[in-house]
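Taking it in order: structure first as structure tokens, then the write-up.
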Amino acid sequence: MNAETPSSGNEPLNFIEEIIEEDLRTGRHSGVQTRFPPEPNGYLHIGHAKSICLNFGLAQKYNGKCNLRYDDTNPTKEEQEYVDSILSDVRWLGFEPDQVLYASDYFQQLYEWAVQLIRDGKAYVDFSTPEEIAAAKGSPTVPGTPTKYRDTSPEENLALFERMKSGDFPDGHCVLRAKIDLASPNMHLRDPYLYRIKHAHHHRTGDDWCIYPMYDWAHGQCDSIERITHSVCTLEFIPHRALYDWFIEQLGIFPSKQYEFARLNLNYTVMSKRKLLQLVQENHVRGWDDPRMPTISGLRRRGYTPESIREFAKRVGVAKRENIIDVGLLEFCLREDLNKRAPRRFAVLRPLKVVITNYPEGNAVEWLETENNPEDPEAGKRKLPFSRELYIEQDDFMENPPPKYFRLSPGGMVRLKSAYIIKCTSTVKDNHGRVIELHCTYIPESRSGQDTSGLKVQGVIHWLSAAYAKPAEVRLYDRLFQLEDPAAEEDFKKSLNPHSLELIPEAMVEPALAEAQPGDRFQFTRLGYFCADPDSVAGKPVFNRSVTLKDAWAKEVKKQI
RNA sequence: UGGCCCAUGGUGUAACGGUAGCACAGCAGAUUUUGGUUCUGUUAGUCAGGGUUCGAAUCCUUGUGGGCCAACCA
């Protein structure tokens with residue numbers, strides 16, 4: 001019964017875990033039952049991930065259970081497409097719901113409870129217009145006044161509600177209201193709506209109902225039916241708690257309790273479903289799963305791992321303070337994860353041709369061994385072809401290098417990783433004066449692993465054999481917004497970053513990468529972590545850059561400006 | 001101008017009346033055939049005033065700042 005608290009160790013508890021452990025200790029509850037209750041009106045985002053990790057994590061930690069419950073009480077906004085994506089996103093994150101349930105499973109029960117409330121004289125049918133009702137509610141400083149329907153008898157209300165249910169009235173003709181307290185300082189208690197009329201097709205119940213319960217009338221009772229012990233939601237529901245408790249008390253049902261935590265905000269992005277939907281509908285992004293989107297599906301396509309997102313959720317913590325998390329923390333979690341697991345590969349984004357003038361002409365090739373992952377000896381080694389003509393990164397050559405630049409420049413030397421040291425002897429330019437080719441010599445004794453040259457060079461760069469390299473499309477991403485808090489602006493779209501997507505149609509990659517399957521993740525040495533996109537086709541893979549490597553040189557360059 | 005929630009380094013988050021700690025970011029150095037990783041060191045904080053107390057980030061109070069609340073949305 002009083003479960004041992006697995007956390008009794010070192011990790012500090014968040015405030016919800018403290019409440020749970022107190023409830024377990026005092027015997028108020030013998031176990032933990034939570035739920036994740038999304039409305040299926042959009043795709044899940046990183047903010048939901050925090051809630052998912054919290055709710056499912058709590059259940060795991062205390063040997064309890066967690067349901068997925070769709071809050072599908074508004075048929076005009078909800079769709080099966082969203083229902084499906086939500087379940088798959090939850091699973092992808094690594095959680096399996098104990099039960100998959102719907103608020104609509106309980107429509108009949110909720111209806112009966114409403115009848116009970118009417119019978120008890122605690123609810124009434126109101127035919128006033130929305131404007132009249134709003135006016136009669138008063139304001140936070142002015143008490144409300146009753147409409148003329150407030151004192152209709154229970155018998156009459158019962159009949160009226162029955163007519164509502166059977167479709168006698170058109171949409172918006174009347175509503176069912178709870179009779180609570182028109183003078184409450186909490187506006188939610190000023191006779192809230194329980195039911196509204198919507199002759200709309202519901203994605204699950206079809207045309208069975210034309211009255212639909214409001215959030216407040218549904219949520220607490222659904223929790224109660226499922227015997228949710230700890231109903232965790234975000235801060236903006238604090239004022240609803242009094243109502244949540246009132247309904248449960250009037251009905252005398254299982255006393256679920258609501259606890260509120262601060263939702264997750266990330267800088268340089270927006271998080272509301274409404275705004276995300278707008279980005280999709282107005283084609284500012286390519287879809288809900290655009291790799292720039294903070295949606296779970298976007299992050300997945302970008303190359304984020306479930307592990308990294310769970311770690312992120314753990315690191316941001318749970319508290320009641322409003323927060324804006326630095327997206328850098330999310331990126332850190334991905335790098336930390338991928339550094340240990342992602343195989344290294346060579347890719348050259350913007351190729352610059354290099355001819356090794358003292359290397360044999362013709363088809364001469366050497367297969368040089370290189371590590372798949374220096375962090376993981378188990379990952380083994382692979383062989384790379386080395387030949388007379390190579391590609392290196394344009395960024396790895398500068399004609400007039402700034403101080404501390406230790407890549408290649410005229411007369412300078414650099415090591416080709418896992419291969420030879422080369423020296424730049426001359427450049428070839430086009431008629432605009434741009435360097436389009438390098439002539440270099442290589443030092444035969446400097447071969448990796450058997451270097452007897454005695455040379456010390458500071459720079460080590462990646463490279464590709466021109467004869468063996470394969471083409472690939474690469475997509476680089478930058479933050480979607482230029483402002484830290486775009487939602488704070490009058491028009492959040494004004495701060496959209498016009499350079500959030502950079503397409504590189506003609507990158508080159510090492511031969512093995514041609515067969516990359518969508519979802520495969522790699523570190524392109526010195527460039528960052530990349531993930532093969534579903535747009536990949538045979539012979540022409542497409543890679544998304546998930547995140548760059550930390551770049552000390554970029555920082556140094558910034559300093560010099 | 002009603003009620004409610006919140007306030008700890010740049011960003012998050014601990015400290016439960018008794019030494020303000022951890023992580024990310026930053027800075028400096030060491031190692032490095034990825035300007036990555038790893039390691040070491042380091043900068044930086046209790047919103048303000050009053051009170052209670054031997055002792056306050058913590059309790060009380062006032063103020064300030066931020067957020068939420070009056071959709072037939074959730």
Side-chain angles (χ1 to χ4, degrees), chain A residues 11-14 18 37-39 41 71-74 76-78 103 126 129-130 133-135 137-144 171-177 184-188 190 192-198 211-212 214-216 218-219 233-242 260 262 267 273-274 314-333 335-336 339-340 344 346 370-371 373-375 404-407 415-419 421 446 448-449 451 457-462 523-528 548-557:
Chain A
E11 291 262 299
L13 304 180
N14 64 48
E18 283 180 356
E39 181 185 15
N41 67 344
D71 217 337
D72 57 348
T73 57
N74 187 352
T76 59
K77 289 192 175 173
E78 297 150 8
D126 197 323
T129 66
I133 293 177
K137 275 192 182 178
S139 76
T141 49
V142 180
D171 286 7
H173 192 66
C174 56
V175 290
L176 184 71
R177 289 226 266 166
S184 173
N186 181 344
M187 297 299 290
H188 292 274
R190 321 251 270 222
Y193 300 162
L194 267 38
Y195 278 95
R196 75 288 218 190
I197 299 172
K198 277 179 192 265
I211 55 170
Y212 289 93
M214 301 290 292
Y215 166 85
D216 286 303
H219 204 94
C233 64
T234 46
L235 255 27
E236 64 270 27
F237 290 98
I238 288 177
H240 296 251
R241 191 173 59 227
E260 312 87 5
N267 59 6
K273 278 189 194 168
R274 203 193 101 252
K314 187 171 152 191
R315 284 178 183 250
V316 299
V318 177
K320 302 190 78 156
R321 176 157 45 135
E322 302 279 351
N323 59 76
I324 301 182
I325 311 287
D326 191 332
V327 64
L329 183 63
L330 217 207
E331 297 178 339
F332 166 83
C333 292
R335 288 192 191 103
E336 183 190 44
N339 177 49
K340 291 176 298 197
R344 313 288 114 135
F346 283 4
T370 189
E371 300 158 299
N373 185 350
E375 302 299 309
K404 293 188 190 169
Y405 183 83
F406 45 80
R407 277 110 96 152
R415 171 171 292 281
L416 300 179
K417 183 172 168 60
S418 299
I421 293 175
S446 68
S448 270
D451 184 350
V457 296
Q458 235 186 146
V460 178
I461 64 175
H462 59 282
Q523 182 196 100
F524 289 176
T525 300
R526 298 210 303 135
L527 298 176
T548 61
L549 259 25
K550 267 178 70 179
D551 191 347
W553 173 241
K555 230 179 259 175
E556 180 63 31
V557 170

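In what follows, every chain begins at residue 1, and chains take the letters A, B, ... in the order their sequences are listed.
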Give every pair of a protein N or O atom and an N or O atom of nucleotides 71-73 of chain B that lie under 3.5 Å apart, one pair per line with the distance.
residue	atom	partner	partner atom	Å
B/C72	OP2	A/Tyr193	OH	3.4
B/C72	N3	A/Gly172	O	3.4
B/C72	N4	A/Gly172	O	2.7
B/C73	OP2	A/Arg196	NE	3.1
B/C73	OP2	A/Arg196	NH2	2.8
B/C73	OP2	A/Lys198	NZ	3.3
B/C73	O3'	A/Arg196	NH2	3.1
B/C73	O2'	A/Asn74	ND2	3.3

Check [X] against [Y] and note the closest heavy-atom contact, atom names and distance.
X        : Y        : result
A/Arg335 : A/Thr548 : NE-O, 2.7 Å
A/Ser448 : A/Arg415 : OG-NH1, 3.5 Å
A/Met187 : A/Gly138 : CE-O, 4.0 Å
A/Ala103 : A/Thr73  : CB-CG2, 4.0 Å

Heavy atoms from other residues, nucleotides or ligands near NZ of A/Lys314 exceed 12 (cutoff 6.0 Å):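 Atom NZ in A/Lys314 is not crowded, with 12 or fewer foreign heavy atoms closer than 6.0 Å.
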
For A/Phe237, all residues meeting ring pair (Phe, Tyr, Trp, His ring centres under 6.0 Å), sequence neighbours excluded: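 Applying ring pair (Phe, Tyr, Trp, His ring centres under 6.0 Å) to A/Phe237 gives A/Tyr215, A/His240.
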
Considering only atom [atom1], compute the distance from [N] to [M] and round it to an integer number of Å.
N     : M     : atom1 : answer
B/C39 : B/U31 : P     : 16 Å
B/U52 : B/U58 : C1'   : 13 Å
B/U33 : B/A28 : C1'   : 25 Å
B/U38 : B/U43 : P     : 22 Å
B/A56 : B/G51 : C1'   : 11 Å
B/G50 : B/U42 : P     : 35 Å
B/C24 : B/C5  : C1'   : 27 Å
B/A23 : B/G9  : C1'   : 13 Å

5' priority, RNA chain B, between A/Pro12 and A/Met187 [closest heavy atom]: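 The 5'-side residue here is A/Pro12.
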
Which residue lies more 5' along RNA chain B, comparing A/Pro140 with A/Phe237 via nearest heavy atoms: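 Result of the comparison: A/Pro140.
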
Find the distance between [atom1] ([X]) and [atom2] ([Y]) and round it off to the nearest 0.5 Å.
X        : Y        : atom1 : atom2 : value
A/Leu194 : A/Arg177 : CG    : CZ    : 10.5 Å
A/Arg526 : A/Arg407 : CZ    : CZ    : 5.0 Å
A/Phe406 : A/Ile461 : CZ    : CD1   : 12.5 Å

Measure the distance from [atom1] on [X] to [atom2] on [N] and round it to the nearest whole Å.
X        : N     : atom1 : atom2 : value
A/Leu13  : B/A15 : CG    : C1'   : 13 Å
A/Asn41  : B/A74 : CG    : P     : 10 Å
A/Lys340 : B/U38 : NZ    : C1'   : 13 Å
A/Glu11  : B/U13 : CD    : P     : 16 Å
A/Asn14  : B/G12 : CG    : P     : 17 Å
A/Ile324 : B/U11 : CD1   : P     : 10 Å
A/Lys320 : B/C6  : NZ    : P     : 5 Å
A/Asp216 : B/A70 : CG    : P     : 11 Å

Sugar-phosphate, base or nothing in reach of A/Val457, heavy atoms under 4.0 Å: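 Nothing, no nucleic acid heavy atom in range.
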
Qualifying residues under side chain to side chain donor-acceptor pair (under 3.5 Å), relative to [X], sequence neighbours excluded:
X        : result
A/Glu336 : A/Arg315
A/Lys404 : A/Glu556
A/Asn267 : A/Glu484
A/Arg241 : A/Glu260

Set of residues satisfying side chain to side chain contact (heavy atoms under 4.5 Å, CB included) with respect to A/Thr370, sequence neighbours excluded: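 If we apply the side chain to side chain contact (heavy atoms under 4.5 Å, CB included) test to A/Thr370, skipping adjacent residues, the hits are A/Arg382, A/Leu384, A/Ser418.
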
A/Lys77: partners by side chain to side chain contact (heavy atoms under 4.5 Å, CB included), with sequence neighbours left out: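 Here the qualifying residues are A/Glu39, A/Asn41, A/Asn74.
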
Stems where RNA chain B pairs, listed by first number, each of three or more Watson-Crick or G-U pairs under 3.5 Å: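 B:2-7 with B:64-69, B:10-13 with B:21-24, B:26-30 with B:38-42, B:47-51 with B:59-63 - these are the stems of 3 or more pairs that involve RNA chain B.
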
Polar atoms only, N or O, under 3.5 Å: list the protein pairs with nucleotides 43-45 of chain B and their distances.
none

Side-chain donor/acceptor of A/Asn373 to backbone N/O of A/Arg344, under 3.5 Å: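 Checking the backbone N and O of A/Arg344 against the side chain of A/Asn373, no donor-acceptor pair under 3.5 Å is found.
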
Base-contact (B) and sugar-phosphate-only (S) positions in nucleotides 61-66 of chain B, heavy-atom cut-off under 4.0 Å, - elsewhere: ------

Where protein sits on nucleotides 22-37 of chain B, one letter per nucleotide: B base, S sugar-phosphate only, - none, heavy atoms under 4.0 Å: -SS-SSS----BBBBB

